[in-house]
Amino acid sequence: MSSSPAGIPDDVSMHLVECWDDAADFRRWLGERRPVLAVDTETSGMEWWDGDLRLVQFGDAMSGWAIPFEPWKGLIRESLKDYEGPLVFHNAKFDLHWLETNGAFPRRHRVNDTAVMAHLVSPDQRVGLKECSARWLDARAATGQSELKKAMSKAQWTWGTIPIDFEGYWVYAALDVVLTARLYEHLVPQVRADFGRVYDLEMACSHILMDMETRGVRVDLSYCQEQYEKLHAYSVEARAWCKNTYGFEAGSNRNVAAQLMGDGVVLTKRTDRGAWSMTEEVLSGIEHPLAQTVLSIRKSEKLANSYFANFIEMADGDLLHPSVRPLGARTGRMSVTNPALQTLPRGRLVRDAFIAREGHLMVGADYEQVEMRLAAHFSEDEGLIEAFKSEGDFFTVMGRSIFDDPTFEKSDPRRSLVKNGMYAKVYGSGTARFAETVGIPEHEAQTFMLKLDQSFPGLRTFADSVGRTAAMRGVREGTEYIRTPTGRRLVAPEGRSYALVNAAIQGTAADIFKQAIVKLDAAGLGEYLVMPVHDELILSVPEELVPEVEAGLVEVMERDDFLVPLAVDSHHGVRWGSLK
DNA sequence: GTCGCTTGCCAC
DNA sequence: AAACGTGGCAAGCGAC
């Protein structure tokens with residue numbers, strides 16, 4: 001069956017495999033020579049471990065083939081196994097999950113990813129197939145999708161139930177591979193020329209993370225249940241008290257503010273849109289039973305719902321399959337969702353929900369103050385570099401030199417000023433914000449920042465040089481950007497070029513972290529990975545191998561090729577929470 | 001009922 | 001001259 005309905009370029013042919021003749025035609029087509037074979041899947045949803053693979057599409061710049069998986073799984077498996085040429089997916093990790101869990105194994109070392117390419121070229125833009133096609137191929141690329149959405153809602157179809165032979169479904173599915181193939185041909189010259197090294201890093205890392213997602217994270221469901229019930233019981237009781245006493249929901253900030261003011265509380269801070277601000281910071285300063293109750297309700301509901309209930313809800317048996325986006329942030333950092341395991345509260349309560357596999361222990365290995373060390377590296381500042389090379393606590397050594405006081409010890413109250421001041425530098429904050437976070441008057445903050453700059457002049461030099469480079473490129477190329485040592489491109493957010501100082505540090509830390517993941521996989525430790533957390537790796541390791549693996553991790557992760565050593569600390573325990 | 005926005009809060 | 005960076009998630013709430 002061939003077709004070319006509205007919105008599809010005339011020179012493109014679309015095919016749906018429905019009979020053996022179609023299958024034979026597909027195999028003949030597959031045997032032709034082409035620069036790249038694009039592959040995509042349509043599925044019943046997002047949960048690849050518990051859902052149906054419905055359609056697999058193959059295509060190149062001129063043809064798209066949609067093949068229903070269930071009746072043609074043999075054809076699809078054989079075709080993917082046999083195909084030796086370059087492959088391209090748009091967001092390969094997602095499709096590979098579906099294909100592999102359904103017994104179809106494309107050659108991974110041949111896999112390319114246009115979403116990765118797009119992110120490297122334009123790290124500040126959305127990298128959906130539609131957006132990329134509209135940006136680089138044809139502004140009308142997304143037109144078919146809205147028609148399909150309308151038809152689906154009219155007939156009450158979901159992605160799991162829409163008939164596979166409904167033309168608006170399979171034709172646009174087949175168009176997606178054509179777009180992917182064209183995107184690849186458009187982007188690959190630039191990616192090869194400008195981003196070869198970081199692209200290879202991203203692809204290697206992506207496969208390791210995919211296998212990590214497949215293995216999943218083991219969760220202690222009865223612990224979650226127990227904690228949830230305790231917290232939930234409290235919040236039900238506290239909400240009822242609030243309703244009975246004041247007549248409104250504790251979650252309604254508008255009503256809470258009105259009640260507090262009615263009871264004589266003076267509010268001064270407002271939100272961006274002009275409402276009375278009811279943040280933790282504001283409420284904790286108010287001595288009123290309502291303020292305190294609202295705070296504890298928020299706290300316990302956050303714990304109960306965002307964490308424990310969420311874990312129970314998402315579990316596949318006793319496993320969670322969090323989804324990692326290797327290029328989640330514009331800086332090259334990863335992000336994690338379902339659940340967001342990178343934002344678990346510190347301390348034992350929530351982290352203890354995650355346990356090692358049977359016969360295993362949890363192992364954690366983290367880069368110590370990696371961003372501070374990179375700040376020292378990029379600044380080339382003798383004093384900062386010395387502070388990291390000398391024995392003892394970095395911020396204490398810095399404190400001695402800033403205040404010219406050899407008696408400055410780790411317990412010195414000024415240490416937090418030093419630490420916060422350095423973070424303010426690294427994040428690019430101004431003196432006003434810095435003064436607020438450390439709780440000192442602005443003129444004191446100013447004096448301190450001046451002292452910091454004088455003690456470590458490299459910090460300014462570094463910031464200036466980032467600014468100059470970005471500004472120069474802004475003029476010459478129209479975009480303010482810098483590159484990390486691996487070639488990753490970092491683009492300044494609109495009107496905030498100062499953020500590039502932080503981006504350089506954060507982006508380089510991301511590169512280092514990803515290189516560590518690739519190296520540890522090469523060293524045979526990849527199979528133990530559980531979760532990456534920005535500068536810390538969480539693993540589940542067979543008990544008897546723990547000492548060996550910890551030594552291996554330190555060996556693989558630590559680096560000496562920067563101006564300061566990058567040090568790694570490791571721990572082990574039964575639960576995530578027991579890693580110090 | 002769903003959707004998107006706002007507000008608030010968790011991490012590194 | 002001055003500018004705290006990067007994310008995800010849930011509840012409330014108004015619009016459709």
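Chain naming here is simple, since letters A, B, ... match the order of the sequence lines and numbering starts at 1 in each.
Rounding to the nearest 0.5 Å places CG of A:Leu384 at 11.0 Å from NZ of A:Lys425. Annotation: the span from A:Glu380 atom CD to A:Ser465 atom OG amounts to 8.5 Å, rounded to 0.5 Å.
Remark: A:Arg325 is in phosphate contact with C:dG8, judged by side-chain N or O atoms under 4.0 Å from OP1 or OP2. Within the 4.0 Å cut-off from OP1 or OP2 of C:dC9, not a single side-chain nitrogen or oxygen of A:Arg298 is found. Within the 4.0 Å cut-off from OP1 or OP2 of C:dA3, not a single side-chain nitrogen or oxygen of A:Ser429 is found. Remark: A:Asn310 is not in phosphate contact with C:dC9, judged by side-chain N or O atoms under 4.0 Å from OP1 or OP2.
For CE of A:Met472, the number of neighbouring non-hydrogen atoms (other residues, nucleotides, ligands) closer than 6.0 Å is greater than 12. More than 12 heavy atoms of other residues, nucleotides or ligands sit less than 6.0 Å from atom NZ of A:Lys519. Around NE2 of A:His97, the count of heavy atoms belonging to other residues, nucleotides or ligands within 6.0 Å exceeds 12. The number of heavy-atom neighbours closer than 6.0 Å to CD of A:Glu477, taken from other residues, nucleotides and ligands shown, is above 12.
Residue contacts shown for A:Phe434 are absent, as no nucleic acid heavy atom lies under 4.0 Å away. Within the nucleic acid shown, A:Lys425 has no heavy atom closer than 4.0 Å to any nucleic acid atom. Looking at heavy-atom distances under 4.0 Å, A:Met334 makes no contact with the nucleic acid at all. If you check every strand for non-hydrogen atoms under 4.0 Å, A:Arg351 touches sugar and phosphate atoms only.
The interatomic distance linking A:Asp511 (CG) with C:dT6 (C1') rounds to 15 Å, in whole Å. Rounded to whole Å, the distance from CZ on A:Arg239 to P on C:dA11 is 8 Å. Straight-line distance from the CE atom of A:Met278 to the C1' atom of C:dA11: 16 Å, rounded to whole Å. Following rounding to the nearest Å, A:Phe308 (CZ) and C:dA10 (P) show an atom-to-atom distance of 14 Å. At whole-Å resolution of the value, CE in A:Met449 and P in C:dA1 are 17 Å apart. Whole-Å rounding puts the A:Leu459 CG to C:dG5 P distance at 18 Å. Distance, A:Met422 CE to C:dG5 P: 17 Å, rounded to whole Å. Note: NZ (A:Lys302) to C1' (C:dA11) measures 11 Å, nearest angstrom.
Across the P atoms, C:dC4 and B:dC12 are found 22 Å apart, a figure rounded to whole Å.
Contact record, A:Ser206 with A:Lys93: O-CD, 3.6 Å, taken as the closest heavy-atom pair. Smallest separation of non-hydrogen atoms from A:Phe462 and A:Ala504: CZ-CB, 4.2 Å.
With a 4.5 Å cut-off on side-chain heavy atoms, A:Val363 and A:His571 do not count as touching.
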Anything under 3.5 Å between a protein N or O and an N or O of nucleotides 13-15 of chain C, put it in a table, one pair a line.
unit_1	atom_1	unit_2	atom_2	d
C:dC13	OP1	A:Ser252	OG	2.8

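Which of C:dA11, C:dT6, C:dA3 sits closest to the side chain of A:Asn305 comes down to C:dA11.
Contact footprint of chain A on DNA chain B: nucleotides with an atom under 4.0 Å from a non-hydrogen protein atom, first to last in 5' to 3' order, B:dT6 to B:dC12.
A cation-pi contact links A:Arg270 to A:Trp276, judged by a cut-off of 6.0 Å to the six-membered ring centre and 45° from its axis. Judged by the 6.0 Å distance and 45° axis criteria, A:Arg373 is not positioned over the aromatic ring of A:Phe394.
Checking A:Tyr307, A:Phe308, A:Phe311 one by one against A:Phe354, the ring-ring contact (aromatic ring centres under 6.0 Å, His included) holds for a single residue, A:Phe311.
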Stepwise salt bridge (charged side-chain N to carboxylate O under 4.0 Å, His left out) test for A:Arg197 and A:Glu202
CA-CA 9 Å; A:Arg197 193 165 156 223; A:Glu202 291 295 345; over 6 Å; no
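At a non-hydrogen distance threshold of 4.0 Å, A:Pro493, A:Arg496, A:Tyr498, A:Asn502, A:Gln506 from residues 478-506 of chain A come into contact with DNA chain C.
Taking the nucleotide of DNA chain C with the nearest heavy atom to each of A:Gln446 and A:Met314, the more 5' of the two is matched to A:Gln446.
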